[in-house]
Amino acid sequence: MGSSVASVFSSSLLLLALLSVVQAEVLFDSNLTTGRNTLSGAAPLIIANGGTSGLYPDQTLFAYQDALNTSSQPLALLCDLQLTKDNLGICRTGLNLTTSTFSYKYNVSSTYVVNGVPTHGYFSVDYMQADLLNPNFTTAVQPNLARSPLFDQYFPLLSPDTVGRVHLSSPTTFWLNVEYPSFFQQHPGKNSLASYLTDLLASPSSPAYLSATEVGILRLIGPTARRSRTSLILKVLDPDTVEQSTNTTYGTLLQNLMEIRTYASGILVPKNLIWPINDKTQYLQAHTNLVEDAHKAKLSVYAYDFANDQYPNSFNYSFDPIAEYLAYVGQADFSVDGVLTDFPSTASEAIRSEKTQQNSNKLVISHNGDSGDFPGCTMLAYTGAINGGSDYIDCPIQITSDGVPICREDANLIKSTDILTNHALWQTYYTSYAGFQNGSSGVFTFDVPWADISTLRARMYSPNAPETSRNTANDNVEGVLTLANFLQFAKSNPGIGIYIDIQNAVYLRMAHSLDVVDAVINALKNANLTSGTNKVLIASEDSSVLLAFQQSLPFLQRVYHVPSNGNNPDIVTLPEIKTFAGFITIPAQLVDPTDDASKNPTYFLAAPTQVVKQAHDQNLTVLYYFAQNEFSSFAFDYRADPIMHINSLVMYYNVDGIITDFPATAYDFLHRNQCYKPTLSTTSPNYSMLTVVPGAFFPAPADATAPTLQVSEPPISFQVPGGPTLSPTAAKSDAAATKMSLTLFSTLSLTSLLLHELL
Ligand SMILES: *[C@@H]1O[C@H](CO)[C@@H](O)[C@H](O)[C@H]1NC(C)=O
Ligand SMILES: *[C@@H]1O[C@H](CO)[C@@H](O)[C@H](O)[C@H]1NC(C)=O
Ligand SMILES: *[C@@H]1O[C@H](CO)[C@@H](O)[C@H](O)[C@H]1NC(C)=O
Ligand SMILES: *[C@@H]1O[C@H](CO)[C@@H](O)[C@H](O)[C@H]1NC(C)=O
Ligand SMILES: *[C@@H]1O[C@H](CO)[C@@H](O)[C@H](O)[C@H]1NC(C)=O
Ligand SMILES: *[C@@H]1O[C@H](CO)[C@@H](O)[C@H](O)[C@H]1NC(C)=O
Ligand SMILES: *[C@@H]1O[C@H](CO)[C@@H](O)[C@H](O)[C@H]1NC(C)=O
Ligand SMILES: *[C@@H]1O[C@H](CO)[C@@H](O)[C@H](O)[C@H]1NC(C)=O
Ligand SMILES: *[C@@H]1O[C@H](CO)[C@@H](O)[C@H](O)[C@H]1NC(C)=O
Ligand SMILES: *[C@@H]1O[C@H](CO)[C@@H](O)[C@H](O)[C@H]1NC(C)=O
Ligand SMILES: *[C@@H]1O[C@H](CO)[C@@H](O)[C@H](O)[C@H]1NC(C)=O
């Protein structure tokens, strides 16, 4: 895209397009459920900040259309006013044109005094409106570097007159913001802002809401606004910032809400004036009384600064933007009257998300417990997972050098313990193995005896760092759990399922003479969890492990874990998997991958995949791994919205369960959120929440091939008489390999024949 912009967007077409889309079906039901404590008692207003500016360049046709297509009512489209040389308007944010537009033709830059500060840049007041609206002259670009630049230089700028017409054919309203009133009262000419606004408010594009950062212009335009029934809103900046027309700080202004009521019907405030965040801990503090106090003064309160991809944000929200909106609109005692957001579809989900019981048969399985909020595999994490609604809590099995099975997210202790603070310990064991984790160095559990590991403290691991880091407040609080501890804890929580993920069993047996399978079987027997009356799932990436369980503990359900980075040519097919497992885990890379990173990556979804369907054809229960809330963990298509990701996984891809670092988020959506409608099909016309379909943005190229399931296992599982022989490359450099005993797997001979058939 990008070359033939001009032919697509002549200005008359633009207007038509914006008007016509409004007549398209409105996807959301209009009866909203949250936020009954607004001043008017009506649902909170969703104010789309330049449309869906989280996805498209702001204040462009697609950004506004998308907001209309994916948001609930009441909805307002916001335009940030900049005046032009001919005293007309364009919609852009920031005085400097070059922050959000691109042009080879800008030929005038100036230095103006803005709020007392000489400021250099490319200003709209130096250009004619007709030039700035002409896509041959300038186009919009995405100013936020965390977002996709793919739509840059594609869309022309829009005028307030165009956006303001939205209400002519839809319940959606128009919100005009004036960020620099004093500047535009003097530029391009004297009294230019008041004169422009007087004309606009008398036109069919008159805004329903007009916000400004200054008292002076609000007072001046008051009589005109009364005639056009425009609500005037004071936009409040940082409390320490001086408001230009009164020469007092915004903090001082807010101390007299009755005074504000004399020139405005509402205030637009930074959200942290309502829910402050402790800078150090990133915890949410008690909310202020601003909303209640303003409502007593009959002032509406709109909050700004909402964006799904904001970081840092409070840890209390667990990286879930819905949780954040609900703090503002879902309280029993107060609600803001509106939220200004770059992602209006997510605000819509939140406003519709009143807790109701939903019957979902989708499984929620924790990954290292509630590891998004607490150090993984600790009591805190497991308790969080149970409280959050997990169907299963998981223990990823590692083993100590003396054979004690423990729960740890990785064999490398450096990843999530404090071992680096114990100099003697890590120096003793720091090493690498050519046959393990691609030869990378670490301190591995299988080298260290339990006596040493039991002295370590658990720490937070942040898989999406450096973009986002998780809460480290609970580091060093707990030690390492053994499998026996874990099973005992799980049994004390009736109804909770147990998910045992056996990792590296073949390598450990081959190279280190450690039998994880026997260790797990013994632990399960000791805990009396072998009968099948308990919910126990045994997962492994190695068929021989599952076969061993099939033989020795046949009542337990088995899960074939498809590794995310297998690179071995031996292929196990789905019908083969079905012979030893009822469940299969499939990594994100095979279900909803982003496009090929090796060629010009866009980080949008690649071609649709069939793997889940193929597994279903074999009657395998499909578990997706891993769902994470952090916006950087999934494709741009999901609009930085972890709920939209989960919704698409269950509605479009039809997975049966989700293995997640944030089990509470998945549970809340599947069981308590009206937006999830398990009984409606994706094609139902009144299905309200957007289900992302791959290729919606960029149809896959004709030669694109969807990934298929190419499960590969380690070269060979183990050497047995009559069985397949050891691959010469496996464990070659691992000293312990030669010491391998042939009788380590108790069930080995029983399964060898079956295995031989399989491979
Ligand atoms: C909204 O709710 C009211 C009262 O409960 C009902 O009369 C109306 O039909 C509903 N509207 C829609 C669009 O569902
Ligand atoms: C909005 O929906 C209309 C009607 O379905 C569609 O034609 C248009 O392309 C959509 N706009 C965007 C930006 O997705
Ligand atoms: C800048 O370009 C515009 C349009 O191309 C032209 O009308 C104007 O005279 C130019 N201004 C200067 C200072 O070159
Ligand atoms: C405006 O943008 C130009 C070009 O990117 C830059 O040189 C200038 O410093 C910017 N001015 C301000 C005030 O940001
Ligand atoms: C933009 O340029 C193209 C090709 O030069 C021309 O056909 C078109 O009319 C121009 N569009 C506008 C709005 O000036
Ligand atoms: C604004 O207030 C400050 C201190 O209150 C004062 O020093 C300054 O002169 C005032 N500025 C104007 C333009 O009145
Ligand atoms: C945020 O989380 C912290 C830690 O759990 C808790 O102490 C605090 O009360 C929470 N804040 C709010 C407003 O609930
Ligand atoms: C393993 O290391 C090789 C060589 O450094 C590298 O090319 C490959 O991508 C790595 N594989 C994984 C799974 O990290
Ligand atoms: C093991 O479970 C069985 C059946 O649930 C029960 O009868 C038995 O008492 C349990 N044994 C122990 C040691 O808990
Ligand atoms: C899957 O189950 C259905 C119904 O139980 C059965 O008809 C079908 O043959 C099964 N398919 C396979 C591949 O086992
Ligand atoms: C959704 O649509 C279906 C069929 O199109 C209809 O039967 C159902 O009543 C609708 N549900 C709601 C809540 O409007």
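All residue numbers refer to positions in the sequence shown, counting from 1.
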Exercise: do Gln142 and Asp152 side chains pair donor with acceptor under 3.5 Å: no
task: Run the salt-bridge test on Asp66 and Arg639 with the 4.0 Å N-O cut-off and return the result as yes or no.
output: yes
message: If the test is side-chain contact (heavy atoms from CB on, under 4.5 Å), which one of Thr417, Thr378, Asn476 qualifies with Arg459?
response: Asn476
task: Starting at CG of Leu55, measure out to CZ of Phe604 and round the result to the nearest 0.5 Å.
output: 5.0 Å
query: Are His616 and Val655 close enough that some pair of their side-chain heavy atoms sits under 4.5 Å apart?
result: no
message: Using the disulfide bond (SG atoms under 2.5 Å apart) criterion, which residues pair with Cys377? Sequence neighbours excluded.
response: none
query: Between the main-chain N or O of Ser564 and the side-chain N or O of Tyr625, is there a donor-acceptor pair closer than 3.5 Å?
result: yes
task: To the nearest 0.5 angstrom, please state how far the CG atom of Leu340 sits from the NZ atom of Lys271.
output: 10.5 Å
Ser632 and Tyr311: side chain donor to acceptor below 3.5 Å: no
message: Quiz question: by atom type and distance under 3.5 Å, do the side chains of Gln282 and Asn471 form a donor-acceptor pair?
response: no
field: Residues forming a side-chain hydrogen bond (donor to acceptor under 3.5 Å, both in side chains) with Asp391, sequence neighbours excluded
entry: none
- prompt: Could you state the interatomic distance from CD1 (Ile274) to NE2 (His287), rounded to the nearest 0.5 Å?
  reply: 10.5 Å
- prompt: Testing Thr665, Asp320, Asn308 for side-chain hydrogen bond (donor to acceptor under 3.5 Å, both in side chains) with Asn629, which one passes?
  reply: Thr665
- request: Would you please indicate yes or no on a ring centroid separation below 6.0 angstrom for Tyr624 and Tyr653?
  value: no
message: How long is the straight-line distance from CD1 of Ile351 back to CD of Gln73, given to the nearest 0.5 Å?
response: 11.0 Å
query: Between Ser390 and Ile386, is there a donor-acceptor pair closer than 3.5 Å when you use the side chain of the first and the backbone of the second?
result: no
query: Going by atom types alone, do Glu409 and Ser416 pair a side-chain donor with an acceptor below 3.5 Å?
result: yes
query: How are the rings of Phe334 and Trp275 set to each other: parallel, tilted or perpendicular (split at 30° and 60°)?
result: tilted
message: Can a donor-acceptor pair be found, under 3.5 Å and without considering hydrogens, that links the side chain of Ser360 to the backbone of Lys362?
response: yes
query: When you check the side-chain N and O atoms of Asn493 and Tyr382, is any donor under 3.5 Å from an acceptor?
result: no
query: Quick one: are Met644 and Val692 in side-chain contact, heavy atoms under 4.5 Å?
result: yes
query: Can you tell me if Ser540 and His561 form a side-chain donor-acceptor pair at under 3.5 Å?
result: no
- prompt: Just by modelled atom types, is the Leu605 backbone N or O under 3.5 Å from a matching donor or acceptor in the Asp637 side chain?
  reply: yes
- request: Flag the pair Phe306 / Phe343 as yes when their ring centroid distance falls below 6.0 Å, and as no otherwise.
  value: no
- prompt: Shortest non-hydrogen contact from Leu620 to Ala581?
  reply: CD2-O, 3.3 Å
- line: Residues passing the side chain to side chain contact (heavy atoms under 4.5 Å, CB included) test with Asn474, sequence neighbours excluded, are Phe374, Pro375, Leu380, Val477
query: Are any non-hydrogen side-chain atoms of Tyr652 and Asp592 less than 4.5 angstrom apart?
result: no
- request: Could you walk me through whether Tyr325 and Thr341 pass side-chain hydrogen bond (donor to acceptor under 3.5 Å, both in side chains), step by step?
  value: CA-CA 10 Å; Tyr325 287 116; Thr341 172; 2.7 Å; yes
- prompt: Considering the options Phe626, Phe662, Tyr638, which one meets the ring pair (Phe, Tyr, Trp, His ring centres under 6.0 Å) requirement together with His645?
  reply: Tyr638
field: Gap separating the CZ atom of Arg457 from the CD atom of Glu478, nearest 0.5 angstrom
entry: 8.5 Å
query: Does Val339 reach the side chain of Tyr302, with side-chain heavy atoms less than 4.5 Å apart?
result: no
- request: Report yes or no: do Asn485 and Thr482 form a side-chain donor-acceptor pair below 3.5 Å?
  value: yes
task: Apply the side-chain contact (heavy atoms from CB on, under 4.5 Å) test between Tyr392 and each candidate in Ile498, Val364, Ile365; give the one that qualifies.
output: Ile365
query: Donor-acceptor pair, Thr585 side chain versus Val562 backbone, under 3.5 Å?
result: yes
query: Does Thr52 use its side chain to pair, donor to acceptor, with the backbone of Gly54 at less than 3.5 Å?
result: no
statement: From the list Asn412, Asn504, Leu413, side-chain contact (heavy atoms from CB on, under 4.5 Å) with Thr445 holds only for Leu413
task: Describe, in one word, how the ring planes of Phe636 and Tyr603 are oriented to each other, choosing from parallel (under 30°), tilted (30 to 60°) and perpendicular (over 60°).
output: perpendicular
message: Checking side-chain polar atoms at under 3.5 Å, does Thr346 have a donor or acceptor matched by the opposite partner on Asp641?
response: yes
task: Could you go through the side-chain hydrogen bond (donor to acceptor under 3.5 Å, both in side chains) check for Ser366 and Asp394 one step at a time?
output: CA-CA 6 Å; Ser366 75; Asp394 68 304; 2.6 Å; yes
- request: Would you kindly say whether Asn37 and Gln331 are connected by a side-chain donor-acceptor distance under 3.5 Å?
  value: no
field: Donor-acceptor contact below 3.5 Å, side chain Asp595 vs main chain Thr602
entry: yes
message: Checking Gln398 against Gln503: is there a side-chain donor and acceptor pair closer than 3.5 Å?
response: yes
field: From CA spacing to verdict: side-chain hydrogen bond (donor to acceptor under 3.5 Å, both in side chains), Asn647, Glu349
entry: CA-CA 11 Å; Asn647 181 55; Glu349 292 157 27; over 6 Å; no
query: Given side chains that start at C-beta, do those of Val141 and Pro149 come closer than 4.5 Å, heavy atoms only?
result: no
message: Rounded to the nearest 0.5 Å, what separates atom CG in Asp58 from atom OG in Ser53?
response: 5.5 Å
field: Arg470 with Asp373: basic N within carboxylate O range, under 4.0 Å
entry: no
